[in-house]
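Below is one structure, written out as structure tokens, with a few remarks after it.
Naming convention: chains lettered A, B, ... in sequence-line order (proteins, then strands); numbering from 1 in each chain. Reckoned from all heavy atoms, side chains included, excluding hydrogens, waters and symmetry mates.
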Amino acid sequence: MGSIYTESGRGMLPILKPPKLDLEELARVQRRVAEQVIEEDRLEKLETIAGCDISFAEGDRACAACVLLDYESLEVIKQKVVAVKLKFPYIPTFLAFRELEGMLRAIEGIDADVYMVGAHGRAHPRRAGLACHLGVTLDKPTLGVAKGRLCGTAEEPPRRRGAYTLLKDGGETIGAVLRVLPGSRPIYVSVGHKLSLGKAIEIALGTARDHRLPEPLRVAHQLATREMRSKRFKSCAQSW
DNA sequence: GCGACAG
DNA sequence: ATCTTGTCGC
């Protein structure tokens, strides 16, 4: 791994390069990624799940974390956190070009049955959110779980755990707005790759316990944030 | 023209 | 995203 081009189904995808700030070109890349997404369950098994997240420090320094959990017990099996340098600015709808590279580095060496990403999947204007980029790149099942909406519209789901409404855009269903805790705002769940929306919802809800965010993401975020505030991270002038 | 806008 | 503990409200 670590390569700019990634093997995936039909060949090499120019998912990464030190992306140039040519949004027209990057939007084309996203459409190509969107075409390759499979919205069907292609899980071999569901014994483990990985949570992937990135925490930001000042400027372009950040920490990417990947935590592998047992799907049933949610016990942490393995975890990895790395300091990364971001090479692309945050531009709504182009998040993948900012975070995918670092996320891949945190995932290196961690093989899970499904990967949960702290961002959207298909619930994206071009149906190619970060979770889709990751899924197509790894050729593994992924789902996106976000705290806020990027596009589309939906009714507010009832205040009951497990209640959800469909997120729609341009006549198509792109995700779901899922209530995990009765008293908290809902979360946005969408397919990343090789999963059906129903399965993605089942996984998000099934791995959520006493918090609004599912455990894989909560733990990954904790790990990344803790590392970012650690001496080790602050003292190393240049993080790679 | 005026918002909206994952992290 | 991040700076940040307790606290006001339902």
Rounded to the Å, how far apart are [X] [atom1] and [N] [atom2]?
{"X": "A/L178", "N": "B/dA6", "atom1": "CG", "atom2": "P", "result": "19 Å"}
{"X": "A/D169", "N": "B/dA4", "atom1": "CG", "atom2": "P", "result": "17 Å"}
{"X": "A/M228", "N": "C/dC3", "atom1": "CE", "atom2": "C1'", "result": "10 Å"}
{"X": "A/M103", "N": "B/dG7", "atom1": "CE", "atom2": "P", "result": "11 Å"}
{"X": "A/Q222", "N": "C/dT2", "atom1": "CD", "atom2": "P", "result": "12 Å"}
{"X": "A/R185", "N": "C/dC10", "atom1": "CZ", "atom2": "C1'", "result": "17 Å"}
{"X": "A/R98", "N": "C/dT2", "atom1": "CZ", "atom2": "P", "result": "11 Å"}
{"X": "A/L95", "N": "B/dG7", "atom1": "CG", "atom2": "P", "result": "8 Å"}

Next on the checklist: Can you list everything that forms a side-chain hydrogen bond (donor to acceptor under 3.5 Å, both in side chains) with A/R229? Sequence neighbours excluded, please.
Outcome noted: none
Item to check | Base of B/dG7 and ring of A/Y90 stacked, centres under 5.5 Å, planes under 30° | outcome: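 Given the distance and angle limits, yes, they stack.
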Just checking [X]: base, sugar-phosphate only, or nothing, at a heavy-atom cut-off of under 4.0 Å?
{"X": "A/A146", "answer": "sugar-phosphate"}
{"X": "A/L130", "answer": "base"}
{"X": "A/G118", "answer": "sugar-phosphate"}
{"X": "A/R159", "answer": "nothing"}
{"X": "A/G148", "answer": "sugar-phosphate"}

Next on the checklist: If we check side chain to side chain contact (heavy atoms under 4.5 Å, CB included) with A/H133, which of these qualifies: A/V37, A/L95, A/L100?
Outcome noted: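 For A/H133, the side chain to side chain contact (heavy atoms under 4.5 Å, CB included) check succeeds only for A/L100.
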Within the structure, does a side-chain N or O atom of [X] lie under 4.0 Å from either OP1 or OP2 of [N]?
{"X": "A/S55", "N": "C/dT2", "answer": "yes"}
{"X": "A/R149", "N": "B/dC5", "answer": "yes"}
{"X": "A/R229", "N": "C/dT2", "answer": "no"}
{"X": "A/H133", "N": "B/dA6", "answer": "no"}

Item to check | Residue A/H221, side-chain heavy atoms: nucleotide from C/dT2, B/dG7, B/dA6 that is nearest | outcome: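 Closest of the options to the side chain of A/H221: C/dT2.
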Checklist entry - Hey, is OH on A/Y164 packed in by over 12 heavy atoms from elsewhere, all under 6.0 Å? => result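 Check fails, neighbour count at 12 or below.
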Checklist entry - Are A/I107 and A/K80 close enough that some pair of their side-chain heavy atoms sits under 4.5 Å apart? => result no
Checklist entry - Tell me, what's DNA chain C's dot-bracket, Watson-Crick or G-U with both distances under 3.5 Å, | for other-strand, [ ] crossing? => result ..........
Checklist entry - Hey, mind stepping through A/E101 and A/K87 against salt bridge (Lys or Arg N to Asp or Glu O under 4.0 Å) and telling me if it holds? => result CA-CA 9 Å; A/E101 185 180 32; A/K87 304 162 184 172; 3.2 Å; yes
Given 3.5 Å as the limit, does a donor-acceptor pair link the side chain of [X] with the main chain of [Y], or not?
{"X": "A/H120", "Y": "A/G148", "value": "yes"}
{"X": "A/S190", "Y": "A/G121", "value": "yes"}
{"X": "A/D22", "Y": "A/E24", "value": "yes"}

